[in-house]
Amino acid sequence: MAVRKPKVAVKAVQQESPVDKVIGLIKWVDNPFKLFTVLVIASFAFVGFFAWESREVLKSAITANDKLASLKSDSELMDISSALIKEAGGEVVVVHQANLMINKRTTVMAVDKNGRNKSVEGTVTSIFNESPGRNKAVVAMLSGEVLCEDFKPSSKVGEWFVKNEVTFVCRGSIPPEIGKLVGYISVGFKKKPDDVNSMKVILNQAAAKMVK
């Protein structure tokens, strides 16, 4: 009598996109040796068109960490953020300081229409995390873009956005130049602005003023 072989269930394997793989590698980098490893992989066997096209931007942004500009004082950031809320018609403005070398983001300024809110300031989290929206935004900012999209919270700061009825957000690099990111601005809106392109220009102008 023939022996029947038991059926083995095959579990579907979720495929990672090239962008996911790039972000995973960046999150893994926390010292010069790992950075060197990433650059070697990027040069010879990196996966996906995006990774290949972005390798110089990523390399420049991470290795130039000690040569980058720095954010202005709190009082200056406050003045610029308050003016940005009025000009853009946003509900909130948040300024984050970024350190790509150790994948660290620190919230240094949080402003709403009533003034400065220190309850979320000092919050430290990773720049790249499990949120596809944030990761997409950071990669875009490293390339000199301002990314505007529907908002989904992924941190304590995001929860504060929700309390302010934010449903749409624009994020831009500080300063706006490619590969020079020392921080970034997030501007939250109750609804999508009628002219998103104008919002991007306004945000970049404010970002340029926030560095010494």
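Below, all heavy atoms of this structure are taken into account, side chains as well, without hydrogens, waters or symmetry copies.
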Trainee: Tell me, please, which residues at least two apart from Glu145 pass side-chain hydrogen bond (donor to acceptor under 3.5 Å, both in side chains).
Mentor: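 None.
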Trainee: Between Val111 and Ser82, what is the shortest heavy-atom contact and its length?
Mentor: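 Closest approach of Val111 to Ser82: CG1-OG, 4.0 Å.
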Trainee: Test your reading of the model: is there a side-chain donor-acceptor pair from Thr167 to the backbone of Lys190, 3.5 Å cut-off?
Mentor: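 Yes; judged by distance alone, with no hydrogens or angles, the pair exists.
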Trainee: Does NZ in Lys72 sit with more than 12 non-hydrogen atoms of other residues, nucleotides or ligands closer than 6.0 Å?
Mentor: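 Yes, the 6.0 Å shell around NZ holds more than 12 heavy atoms from other groups.
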Trainee: For Lys200, I'd like to know if atom NZ has over 12 heavy atoms of other residues, nucleotides or ligands within 6.0 Å.
Mentor: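 Counting other residues, nucleotides and ligands, NZ of Lys200 exceeds 12 neighbours.
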Trainee: Might you point out which heavy atoms bring Thr106 and Val124 nearest each other, and give the distance in Å?
Mentor: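 Scanning both residues completely, I find the closest heavy atoms to be OG1-CG2, 3.9 Å.
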Trainee: Hey, quick one: are Val166 and Val187 part of the same hydrophobic cluster, counting side-chain heavy atoms closer than 4.5 Å, chains of contacts allowed?
Mentor: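 No, Val166 and Val187 fall in different hydrophobic clusters.
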Trainee: Sequence neighbours left out, what passes side-chain contact (heavy atoms from CB on, under 4.5 Å) with Ile127? Give chain and number order.
Mentor: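 Ile127 satisfies side-chain contact (heavy atoms from CB on, under 4.5 Å) with Ala98, Leu100, Asn103, Arg105, Val138 once adjacent residues are dropped.
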Trainee: Are there more than 12 heavy atoms of other residues, nucleotides or ligands under 6.0 Å from atom CG of Asp194?
Mentor: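 Atom CG in Asp194 is not packed in, count stays at 12 or less.
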Trainee: So, taking the atom named CD in Glu87 and the one named CD in Gln205, what distance separates them when rounded to the nearest 0.5 Å?
Mentor: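 Atom-to-atom, Glu87:CD and Gln205:CD are 6.5 Å apart.
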Trainee: When rounded to the nearest 0.5 angstrom, what is the spacing between CD1 in Ile185 and CG in Leu77?
Mentor: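 So the gap between those two atoms works out to 9.0 Å.
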Trainee: Do the side chains of Phe161 and Pro153 get nearer than 4.5 Å, heavy atoms only?
Mentor: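 Pro153 does not reach Phe161 side chain to side chain.
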Trainee: Give the cluster check for Ile85 versus Phe189: same hydrophobic cluster or not, with ILVMFWY residues linked at side-chain heavy-atom distances below 4.5 Å.
Mentor: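 They do share one cluster, since a chain of ILVMFWY contacts under 4.5 Å joins Ile85 to Phe189.
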Trainee: Distance check, rounded to the nearest 0.5 Å: Glu149 atom CD versus Arg171 atom CZ?
Mentor: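 Between atom CD of Glu149 and atom CZ of Arg171 there are 5.5 Å.
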Trainee: Any non-hydrogen side-chain atom of Val95 less than 4.5 Å from a side-chain atom of Ser81?
Mentor: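 Heavy-atom side-chain distance check passes, below 4.5 Å.
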Trainee: Which atom names give the shortest non-hydrogen contact between Asp74 and Met109, and what distance separates them?
Mentor: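 For Asp74 and Met109, the tightest heavy-atom pair comes out as O-CE, 3.3 Å.
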Trainee: Has Lys180 got a side-chain atom pairing as donor or acceptor with Ser173's backbone, closer than 3.5 angstrom?
Mentor: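 No.
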Trainee: Hey, could you give me the CD1/CE distance between Ile80 and Met210, rounded to the nearest 0.5 Å?
Mentor: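 Reported value, rounded in 0.5 Å steps: 5.0 Å.
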Trainee: Under 6.0 Å from the CD atom of Glu165, do we count more than 12 heavy atoms belonging to anything else shown?
Mentor: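 Counting neighbours around CD of Glu165, 12 or fewer heavy atoms of other residues, nucleotides or ligands fall under 6.0 Å, so no.
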Trainee: Is there a path of hydrophobic side-chain contacts, each under 4.5 Å between heavy atoms, that joins Val162 and Val169?
Mentor: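 Shared cluster, yes.
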Trainee: If hydrophobic clusters are built by linking Ile, Leu, Val, Met, Phe, Trp and Tyr wherever their side-chain heavy atoms come under 4.5 Å apart, do Ile202 and Ile174 end up in the same one?
Mentor: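 Result: yes, single cluster for both.
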Trainee: So, taking the atom named CD in Glu76 and the one named CG in Leu71, what distance separates them when rounded to the nearest 0.5 Å?
Mentor: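 Rounded to the nearest 0.5 Å, the CD-CG separation comes to 10.5 Å.
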Trainee: Tell me if a side-chain donor or acceptor on Glu91 pairs with a main-chain N or O of Gly188 at a distance below 3.5 Å.
Mentor: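 Absent.
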Trainee: Taking all non-hydrogen atoms of both residues into account, name the closest pair between Glu121 and Ala110 and its distance.
Mentor: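 Between these two residues, the closest heavy atoms are OE2-N, 3.1 Å.
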Trainee: Of all heavy-atom pairs between Lys191 and Phe168, which one has the smallest distance, and what is that distance?
Mentor: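 Of all heavy-atom pairs spanning Lys191 and Phe168, the closest is C-CB, 4.1 Å.
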Trainee: State plainly whether one hydrophobic cluster holds both Val93 and Val146, where clusters connect Ile, Leu, Val, Met, Phe, Trp and Tyr through side-chain heavy atoms under 4.5 angstrom apart.
Mentor: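 Val93 and Val146: one cluster.
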Trainee: In Å, rounded to the nearest 0.5 Å, how long is the span from OG1 of Thr125 to NZ of Lys104?
Mentor: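 Taking OG1 in Thr125 and NZ in Lys104, the distance rounds to 11.0 Å.
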